[in-house]
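Here the structure is laid out as structure tokens; the discussion comes afterwards.
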Amino acid sequence: MTTEKDNIVLHVADVHKTFGGLHALSDIDLQIEEGKTHAIIGPNGAGKSTLLNVVVGRLAPTRGAVVFDGQVLTGKQPHEINQVGVARVFQTPEIFPDLTVIQNVMAPAFARRDGSFTLNFFKSIDDETEIREEAEHMLEDVGMTASKDMLAGSLSRGDKRRMELAMCLIQHPRLLLLDEPTAGMSRHDTNTTIDLLKKIKERGMTKVIIEHDMHVVFSLADKISVLAGGRIIAEGTPEEVRNNPKVQEAYLGGAH
Ligand code: ADP
Ligand code: MG
């Protein structure tokens with residue numbers, strides 16, 4: 001299977017997902033361009049997280065396929081999808097609370113190198129200079145150098161998210177998926193995260209960002225797809241989407 005355009009890195013092709021009688025996703029066709037930041041917005045319950053979970057292999061679509069860089073991902077396990085260059089930050093932070101911040105950031109680098117981090121991780125973590133140095137660099141990028149020896153479980157929600165971002169960056173993914181990366185953050189932390197995501201963009205990494213906060217979306221997105229009731233109801237540049245009456249209606253009619 002090939003994608004229509006050369007610059008399409010991710011193609012979600014005619015995806016449906018039902019949960020019992022509920023149509024969480026219907027007729028989803030989404031093309032993500034290389035190097036771009038593509039935002040997916042929509043009211044609560046629109047299907048945004050379901051879509052992301054289908055892309056990363058946590059949920060199997062009822063119909064349709066996900067194609068990444070010409071390769072069909074549908075049917076692959078989450079860790080296999082991760083190995084081909086797709087990294088993600090989930091809505092609820094997934095971290096190792098009893099490890100330090102720097103150990104958390106080192107863990108995915110071990111997993112990437114060895115296929116699994118459990119075998120060698122605890123044995124060799126103290127003498128892995130190269131991975132440690134890279135992890136320190138990533139923590140510097142996300143502004144968390146001062147917290148590197150803290151236990152991850154003791155971090156604020158905002159700091160956990162930033163640490164997760166560092167855990168993604170150390171994998172050097174081609175595609176980064178973010179589910180509400182600024183949820184629960186103060187305005188100050190949100191702005192720091194926006195700056196960080198802009199910096200990542202300059203490096204050419206493709207991003208799909210699910211976001212509730214319009215300030216974040218309009219600061220970052222090249223293109224926006226609007227999801228409501230499991231369907232894409234609008235798509236375009238931030239300007240086009242902002243002025244689309246269907247979008248305004250979906251938000252006003254949304255469950256808020
Ligand atoms: P969003 O992230 O846009 O808020 P979700 O993708 O979480 O929306 O949910 C879309 C719809 O699918 C909601 O009605 C939700 O209740 C339902 N849903 C999500 N996950 C499941 C599941 N595992 N089982 C049953 N229903 C689900
Ligand atoms: Mg969600």
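As the structure lists them, so they are numbered: ligands from 1, and atoms in each ligand from 1. Hydrogens, waters and symmetry mates are skipped; everything else that's a heavy atom, side chains included, is used. Positions are given from 1 along the sequence.
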Please compare K17, K48, H23 and report which has the shortest non-hydrogen distance to atom 3 (O) of ligand 1.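 The option holding the nearest heavy atom is K48.
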Nearest non-hydrogen contact with atom 2 (O) of ligand 1 belongs to which option: A46, A24, G42, S49? S49
Heavy-atom gap G45 to ligand 1 smaller than 4.0 Å: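 Under 4.0 Å: yes for G45.
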With a cut-off of 4.0 Å, which atoms of ligand 1 are near a heavy atom of N44?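 Answer, ordered by atom number: 4 (O).
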Sub-4.0 Å atoms of ligand 1 with respect to non-hydrogen atoms of T50: 5 (P), 6 (O), 9 (O), 10 (C), 19 (C)
What I want to find out is whether D29 reaches R231 closely enough, with some N-O distance under 4.0 Å, to be called a salt bridge.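 Here D29 does not pair with R231 in a salt bridge, since their nearest N and O are not under 4.0 Å apart.
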Does this structure show an ion pair linking K48 with D179, if we count only N-O contacts that are shorter than 4.0 Å? no
Atom pair NZ (K207) and CG (D222), whose distance is rounded to the nearest 0.5 Å: 8.0 Å
Should G47 be counted as touching ligand 1, given the test is an N or O pair under 3.5 Å? yes
Whether T50 has an N, O or S atom under 2.8 Å from the Mg ion (ligand 2): no
Shared ILVMFWY cluster between I102 and L151, side chains joined below 4.5 angstrom? no
Does ligand 1 have a heavy atom under 4.0 Å from the side chain of D179, from its backbone, from both, or from neither?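 Neither; nothing of D179 gets under 4.0 Å from ligand 1.
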